[in-house]
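Throughout, a chain's letter reflects where its sequence line sits, starting with A, and its residues are numbered from 1.
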There are 2 protein chains.
Amino acid sequence: MHQDFESILKSSGQSVTKPRRAVFDALTRADSPLKNGEIAKLTPSIDRASVYRTLELFAKLGITTTTIRGWTPFTELAEPFKPHHHHMICERCGVVEEIESDTLEDMLTILASRHHFTLRSHTVELSGVCASCSKNLPQPTSL
Amino acid sequence: MHQDFESILKSSGQSVTKPRRAVFDALTRADSPLKNGEIAKLTPSIDRASVYRTLELFAKLGITTTTIRGWTPFTELAEPFKPHHHHMICERCGVVEEIESDTLEDMLTILASRHHFTLRSHTVELSGVCASCSKNLPQPTSL
DNA sequence: TATATATTGCGAAAAAGTCGCAATATTATA
DNA sequence: TATAATATTGCGACTTTTTCGCAATATATA
Ligand SMILES: [Mn+2]
Ligand SMILES: [Mn+2]
Ligand SMILES: [Zn+2]
Ligand SMILES: [Zn+2]
């Protein structure tokens with residue numbers, strides 16, 4: 001794993017540095033997407049600016065993916081550092097389930113090619129009401 | 001259109017107010033997703049804090065959807081205020097094309113129900129290389 | 001129109017993100 | 001392994017974005 005990560009840096013002409021290793025390690029240890037600020041706190045010896053620069057580089061190299069919740073971006077490792085998956089979020093209780101479907105993946109590629117695009121990456125986020133919430137709370141949560 | 005918007009507010013027990021109308025109008029006029037700050041600039045008579053509160057409410061009511069580019073959230077009107085679509089973004093030149101596919105939509109519903117979820121909303125964002133970019137720049141952009 | 005209450009604007013502050021530049025670490029090469 | 005070239009970092013100052021409490025105000029209801 002680490003090896004793969006360092007080869008990605010090297011093969012794209014980037015240096016293997018302490019901040020980059022630290023951020024990668026923090027993301028590896030995390031079991032869910034992290035805010036930028038959380039990543040910074042998990043790497044106390046690394047300057048905030050370097051964390052941001054690292055995160056931008058990782059995004060550009062496809063090492064990480066970022067999604068948004070509220071106004072806040074959350075980052076997690078992408079493939080092959082984490083198995084490919086998508087999220088299904090319950091809007092009542094917030095539970096997150098992982099989605100996997102080869103058929104979906106194939107379809108996205110086909111859709112892209114229909115637009116003459118070569119698909120390089122994608123995000124899919126589903127939001128709804130989970131089984132237990134629709135049992136227990138037949139009425140939508142009041143605002 | 002306006003009417004629909006106001007009924008959504010009323011039917012969920014919310015007041016129809018000047019800030020909410022202003023933000024909704026700004027989003028209606030926009031032809032692409034806007035940053036929070038851009039929305040605030042387009043509604044100069046509304047306090048920034050109220051813009052944020054309105055945007056949060058709209059998100060909760062499903063009036064808007066928010067996606068991320070870089071670290072910045074962009075908000076646009078959701079259905080039925082804007083026809084349902086998804087984005088295919090060229091990572092070289094940044095061009096955005098709109099994606100539409102009933103088959104995709106059906107599949108997402110099926111996937112959700114397989115997890116015993118009732119699908120309420122979703123986002124799909126594809127990122128790749130557009131036709132003209134793959135012609136003109138056969139090599140990936142250097143980092 | 002009067003009353004109850006939801007919402008706003010304000011002010012101040014915290015949090016998040018950005019930038020230039022000198023110091024330092026990394027890489028390549030001898 | 002030592003040296004030189006240069007990519008990257010940490011620092012510090014800054015800008016932008018987002019959040020909060022509370023008194024003033026607008027909205028809804030009757
Ligand atoms: Mn996928
Ligand atoms: Mn869709
Ligand atoms: Zn739930
Ligand atoms: Zn392009």
Side-chain angles (χ1 to χ4, degrees), chain A residues 2-3 5-27 33-61 63-64 66-76 141-143, chain B residues 2-3 5-27 33-61 63-64 66-76 141-143:
Chain A
H2 262 214
Q3 191 41 46
F5 156 66
E6 302 198 353
S7 357
I8 287 182
L9 286 179
K10 285 179 176 166
S11 69
S12 56
Q14 305 293 319
S15 305
V16 177
T17 67
K18 188 181 160 195
R20 290 170 186 174
R21 267 193 289 251
V23 169
F24 184 83
D25 287 350
L27 289 170
L34 298 175
K35 297 187 199 184
N36 294 340
E38 293 174 326
I39 296 170
K41 271 174 207 148
L42 289 171
T43 56
S45 65
I46 309 302
D47 189 80
R48 202 171 51 261
S50 299
V51 171
Y52 277 98
R53 289 184 285 230
T54 296
L55 252 14
E56 263 165 45
L57 177 66
F58 283 8
K60 215 183 304 199
L61 293 176
I63 293 171
T64 55
T66 299
T67 53
I68 197 171
R69 212 171 294 176
W71 308 132
T72 309
F74 285 77
T75 299
E76 64 186 324
T141 298
S142 74
L143 297 172
Chain B
H2 263 216
Q3 191 40 46
F5 157 68
E6 301 196 355
S7 358
I8 287 182
L9 285 179
K10 285 177 176 165
S11 68
S12 55
Q14 304 293 318
S15 306
V16 177
T17 68
K18 188 182 161 195
R20 290 168 185 176
R21 268 194 288 253
V23 168
F24 183 83
D25 289 350
L27 289 170
L34 300 174
K35 297 185 201 187
N36 294 338
E38 293 174 329
I39 296 169
K41 273 176 204 146
L42 290 169
T43 56
S45 65
I46 309 302
D47 189 80
R48 211 171 42 260
S50 299
V51 172
Y52 277 97
R53 288 184 285 231
T54 296
L55 253 13
E56 260 167 48
L57 176 66
F58 283 8
K60 216 184 301 201
L61 293 176
I63 293 171
T64 55
T66 299
T67 53
I68 196 171
R69 214 171 293 175
W71 306 130
T72 309
F74 285 77
T75 298
E76 63 186 326
T141 298
S142 74
L143 299 171

Original post:
For the pair made of NZ in A:Lys18 and P in C:dT27, what is the distance, rounded to whole Å?
Top reply: 15 Å
Subject >> Gap between atoms CG and P, on B:Leu61 and C:dT7 respectively (whole Å) >> reply: 10 Å
Original post:
In terms of the angle between their ring planes, are A:Tyr52 and B:Trp71 parallel, tilted or perpendicular, with boundaries placed at 30° and 60°?
Top reply: perpendicular
Original post:
Which listed nucleotide (C:dG9, D:dG10, D:dA28) is nearest to the side chain of B:Pro19?
Top reply: C:dG9
**OP:** Send over the distance from B:Leu34 CG to D:dT17 P, rounded to a whole Å.
**Re:** 13 Å
Original post:
So which nucleotide from C:dT8, C:dT26, C:dA6 ends up closest to the side chain of B:Ser15?
Top reply: C:dA6
Original post:
Taking atom P of C:dT8 as reference, at what distance in whole Å does atom CG of B:Leu55 sit?
Top reply: 12 Å
Original post:
With a 4.5 Å heavy-atom cut-off, do A:Thr66 and A:Thr75 have their side chains touching?
Top reply: yes
Subject >> Note: A:Arg20-A:Glu6 ion pair, threshold 4.0 Å (strictly below) >> reply: no
Subject >> Value in whole Å for how far the C1' atom of D:dA26 lies from CG of B:Leu9 >> reply: 15 Å
Original post:
Short question: side chain of A:Arg48, backbone of A:Ala40 - any donor-acceptor pair under 3.5 Å?
Top reply: no
**OP:** Find the distance B:Ile39:CD1 to D:dT16:P and express it as a whole number of Å.
**Re:** 18 Å
Interface polar pairs with nucleotides 13-20 of chain C, N/O, under 3.5 angstrom:
residue: C:dG17; atom: OP2; partner: A:Asn36; partner atom: ND2; Å: 3.0
residue: C:dG17; atom: OP2; partner: A:Tyr52; partner atom: OH; Å: 2.3
residue: C:dG17; atom: O5'; partner: A:Tyr52; partner atom: OH; Å: 3.2
residue: C:dG17; atom: O6; partner: A:Arg48; partner atom: NH2; Å: 3.1

Subject >> Minimum heavy-atom distance B:Ala49-B:Asp47, with the two atoms named >> reply: N-OD2, 2.9 Å
**OP:** Using the six-membered ring wherever Trp is involved, compare the ring planes of B:Phe58 and B:Phe5 and label them parallel, tilted or perpendicular (cut-offs 30° and 60°).
**Re:** perpendicular
Subject >> Taking every non-hydrogen atom, the tightest pair across A:Ala26 and A:Leu34 >> reply: O-CD1, 4.2 Å
Subject >> Short side-chain N/O contact from B:Thr17 to OP1 or OP2 of D:dT27, under 4.0 Å >> reply: no
Subject >> Separation of C:dT27 C1' from A:Lys10 NZ (nearest whole Å) >> reply: 10 Å
Original post:
Reckon A:Ser50 has a side-chain N or O less than 4.0 Å from the OP1 or OP2 of D:dG10?
Top reply: yes
**OP:** Please check the phosphate of D:dA7 (OP1 and OP2 only) for any side-chain N or O of A:Gln14 closer than 4.0 Å.
**Re:** no
